[in-house]
Asker: 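One structure, as structure tokens, below. Some questions next.
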Amino acid sequence: MRILFSVALAAALLFGHAPAEAQLGGLGGLANRIGIRNPLGGNAPVTTSIADARWGQPELDNFTPRERVRPLMELQRTPNGGFVLQPGYYEMHTQSYCLHAGTHGPGGGDGYLYAPVKGPAEDAIMTILRGSVNHPEIEQRSIQTLIWAILARAKFEDLSAEHKAVAARLLTPRQLVSLNRSALDVLTGPLLERAIGGVPAPLRAIAQAEAQLRQMLTTPGASFADMERVAVLAGMAPMGAGSQGVPSGRWSLHPDGYYIRYIPQGYSHTLVQIWVEQGSPAVGREYDPATHVATPGNTARQRLAQSGRVYGNH
């Protein structure tokens with residue numbers, strides 16, 4: 001695996017990085033760094049937003065299926081780490097992941113809706129989540145750190161040996177090349193302030209979090225707890241711009257025909273419930289958690305990537 005990582009990074013060095021002025025200068029580069037759609041072209045690594053969560057079912061608020069709830073783990077697994085759906089009501093406590101550094105964790109009665117993974121890094125994110133099921137030896141925090149490295153556009157060649165080893169096990173050489181080429185330089189102090197000057201406060205917080213993560217990920221001695229404090233904001237979350245009133249426990253109707261809802265117990269732990277009606281077109285189809293983003297109605301809160309790994313002893 002280390003050989004694969006070295007080959008990938010050698011290819012990245014051969015092809016080179018984007019010029020510094022393209023990485024650091026102008027409104028287009030800034031918008032790309034702070035995780036919003038770039039008006040001059042280009043996107044943040046993950047662009048999924050509340051506008052992509054179009055399948056909410058408010059008419060089912062407070063509804064609970066009459067069937068006895070069963071463990072999702074009873075269903076047949078797929079090579080992607082997913083599940084072959086059958087009629088019934090299922091639930092699973094899953095390992096979930098912060099997908100929007102610099103925002104608040106779940107809470108305050110805010111609900112979450114289904115949306116697909118979107119953005120330039122969607123393939124890499126889904127590959128990591130799918131591969132994690134086949135690598136139970138990799139700790140959840142190591143997977144989260146790898147996801148933060150993608151979101152922050154850290155230089156993979158500068159990551160620690162431990163993080164490089166995780167990346168080599170969960171990503172392909174081609175993906176490593178692509179991610180390394182899209183990396184940004186570390187900005188601190190006056191350079192960072194100059195780059196984000198005049199940016200609205202919520203976007204400024206995201207820009208600062210990504211910049212701090214970029215530095216931490218490539219600095220020896222930075223702990224996971226330190227990165228977590230930067231990525232997941234504490235305290236009362238404000239209502240973000242463009243928010244929608246979504247109560248906790250609202251169902252979404254997935255395009256494949258099954259109902260799903262997400263009830264986060266924290267950013268790293270989500271209770272996922274799925275209801276498949278008799279005769280539903282979803283019967284026999286796959287529920288692939290890696291394609292799901294639990295998307296908050298309050299845009300000031302974390303987007304949560306889902307996985308097929310059980311959280312804790314549930």
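All heavy atoms count here, side chains included; hydrogens, waters and symmetry mates do not.
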Asker: How about CD on Q76, more than 12 heavy atoms from neighbouring residues, nucleotides or ligands closer than 6.0 Å, or not?
Answerer: no

Asker: Do the non-hydrogen side-chain atoms of E91 and P71 ever get within less than 4.5 Å of each other?
Answerer: no

Asker: Mind checking the CD1-OG spacing from I147 to S142? Nearest 0.5 Å is all I need.
Answerer: 11.5 Å

Asker: In Å, rounded to the nearest 0.5 Å, how long is the span from CZ of R261 to CG of L271?
Answerer: 8.0 Å

Asker: Flag yes if more than 12 heavy atoms outside Q278 fall under 6.0 Å of its CD atom; otherwise flag no.
Answerer: no

Asker: Minimum heavy-atom separation for P289 and G81, please, with both atom names.
Answerer: CD-O, 4.1 Å

Asker: Does S280 use its side chain to pair, donor to acceptor, with the backbone of G257 at less than 3.5 Å?
Answerer: yes

Asker: Answer yes if V310 and V69 sit in the same cluster of Ile, Leu, Val, Met, Phe, Trp and Tyr residues linked by side chain heavy atoms under 4.5 Å apart, and no otherwise.
Answerer: no

Asker: Is the H254 to Y114 ring centre distance short of 6.0 Å?
Answerer: yes

Asker: What I'd like to find out is whether the side chain of Y97 reaches to under 4.5 Å of the side chain of Q140, using heavy atoms alone.
Answerer: yes

Asker: Would you say the side-chain atoms of T291 and D288 include a donor-acceptor pair closer than 3.5 Å?
Answerer: no

Asker: I'd like to know if the side chain of D158 and the backbone of K155 have a donor-acceptor N/O pair within less than 3.5 Å.
Answerer: no

Asker: Does the side-chain contact (heavy atoms from CB on, under 4.5 Å) test come out yes or no for I263 and T270, once each step is laid out?
Answerer: CA-CA 6 Å; I263 305 174; T270 300; 5.9 Å; no

Asker: Find out whether the Lys NZ or Arg CZ of R77 is both under 6.0 angstrom from the six-membered ring centre of F83 and within 45° of the ring's axis.
Answerer: yes

Asker: Tell me the closest heavy-atom pair linking T48 and A115, and the distance in Å.
Answerer: CG2-CB, 3.7 Å

Asker: After noting the C-alpha distance and the side-chain angles of W275 and F63, does the key distance pass the ring-ring contact (aromatic ring centres under 6.0 Å, His included) rule?
Answerer: CA-CA 11 Å; W275 179 43; F63 168 76; 5.0 Å; yes

Asker: Can a donor-acceptor pair be found, under 3.5 Å and without considering hydrogens, that links the side chain of D226 to the backbone of M216?
Answerer: no

Asker: May I ask you to decide if P296's main-chain N or O and D110's side chain share a donor-acceptor pair within less than 3.5 Å?
Answerer: no

Asker: Could you check whether any side-chain N or O of Q273 sits under 3.5 Å from a backbone N or O of I260, counting only pairs where one atom can act as donor and the other as acceptor?
Answerer: no

Asker: Check whether N180 reaches the backbone of F156 with its side chain - one donor and one acceptor, N or O, closer than 3.5 Å.
Answerer: yes

Asker: With a 4.5 Å limit on heavy-atom distance, are the side chains of Y287 and L72 in contact?
Answerer: yes

Asker: Within the structure provided, determine whether H292 and Y262 are in side-chain contact (heavy-atom separation under 4.5 Å).
Answerer: yes

Asker: Kindly determine whether Y112 and R301 satisfy side-chain contact (heavy atoms from CB on, under 4.5 Å), including the steps that lead there.
Answerer: CA-CA 10 Å; Y112 283 71; R301 294 198 183 277; 3.9 Å; yes

Asker: Report yes if the side chains of S160 and H163 come closer than 4.5 Å at any heavy-atom pair, otherwise no.
Answerer: yes

Asker: If you look at every heavy atom in W251 and P65, which pair is closest and at what distance?
Answerer: CZ2-CD, 3.8 Å

Asker: Begin with the C-alpha distance, continue with both residues' side-chain angles, and end with the deciding distance and a verdict on ring-ring contact (aromatic ring centres under 6.0 Å, His included) for W55 and Y259.
Answerer: CA-CA 9 Å; W55 295 275; Y259 293 88; over 10 Å; no

Asker: Mind listing the closest non-hydrogen atom pair of S243 and T299 along with its distance?
Answerer: OG-N, 3.0 Å

Asker: Distance-only, no hydrogens or angles: does the Q175 side chain make a donor-acceptor pair with backbone N or O of T172 under 3.5 Å?
Answerer: yes

Asker: Answer yes or no: is there a side-chain heavy-atom contact under 4.5 Å between R66 and Y89?
Answerer: no

Asker: Does the pair Y311 and H269 meet the rule for a ring-ring contact (aromatic ring centres under 6.0 Å, His included), with working shown?
Answerer: CA-CA 6 Å; Y311 183 88; H269 172 194; 4.1 Å; yes

Asker: Compare every heavy atom of L233 with every heavy atom of G102, then report the nearest pair and how far apart it is.
Answerer: O-CD1, 3.2 Å

Asker: With a 3.5 Å cut-off and no angle check, do the side chains of T103 and Q302 form a donor-acceptor pair?
Answerer: yes

Asker: Would E122 and K118 count as a salt bridge (charged side-chain N to carboxylate O under 4.0 Å, His left out) if you check the C-alpha gap in whole Å, the side-chain angles of each, and the deciding distance to 0.1 Å?
Answerer: CA-CA 5 Å; E122 64 184 58; K118 288 187 173 183; over 6 Å; no

Asker: Between L170 and T127, what is the shortest heavy-atom contact and its length?
Answerer: O-CG2, 3.2 Å

Asker: Hey, what do you get for CZ (R250) to CG (N62), rounding to the nearest 0.5 Å?
Answerer: 10.0 Å

Asker: Are I143 and R309 close enough that some pair of their side-chain heavy atoms sits under 4.5 Å apart?
Answerer: yes

Asker: Applying the 4.5 Å side-chain criterion to the ILVMFWY set and letting contacts propagate, would V84 and I274 be lumped into a single cluster?
Answerer: no

Asker: Would you say L217 and V232 are hydrophobically clustered, going by side-chain heavy atoms of ILVMFWY under 4.5 Å?
Answerer: yes

Asker: Are M126 and L179 grouped together when hydrophobic residues (ILVMFWY) are joined by side-chain heavy atoms under 4.5 angstrom apart?
Answerer: yes

Asker: Please indicate whether E74 has more than 12 foreign heavy atoms, meaning atoms of other residues, nucleotides or ligands, lying under 6.0 Å from its CD.
Answerer: yes

Asker: Just verifying a value: how many Å separate S307 OG and L129 CG, rounded to the nearest 0.5 Å?
Answerer: 6.5 Å

Asker: Apply the test side-chain contact (heavy atoms from CB on, under 4.5 Å) to residues Q306 and V272: give CA-CA distance (whole Å), side-chain angles for both, the deciding distance (0.1 Å), then the verdict.
Answerer: CA-CA 9 Å; Q306 300 298 305; V272 174; 3.4 Å; yes

Asker: Tell me whether L159 shares a hydrophobic cluster with I138, the cluster being built from Ile, Leu, Val, Met, Phe, Trp, Tyr side chains joined at under 4.5 Å.
Answerer: yes

Asker: Using side-chain heavy atoms (C-beta onward) and a distance below 4.5 Å, is Q144 in contact with Q95?
Answerer: no

Asker: Show the numbers, then the answer: is there a side-chain contact (heavy atoms from CB on, under 4.5 Å) between V293 and L304?
Answerer: CA-CA 6 Å; V293 178; L304 303 177; 6.0 Å; no

Asker: Judged by atom type as modelled, is there a donor-acceptor pair below 3.5 Å linking the side chain of T218 to the main-chain atoms of R214?
Answerer: yes

Asker: Working to the nearest 0.5 angstrom, can you tell me the gap between M92 CE and L75 CG?
Answerer: 10.5 Å

Asker: Rounded to the nearest 0.5 Å, what separates atom CZ in R303 from atom SG in C98?
Answerer: 8.5 Å

Asker: Indicate whether the side chain of E228 and that of Y267 have a donor and an acceptor atom separated by less than 3.5 Å.
Answerer: yes

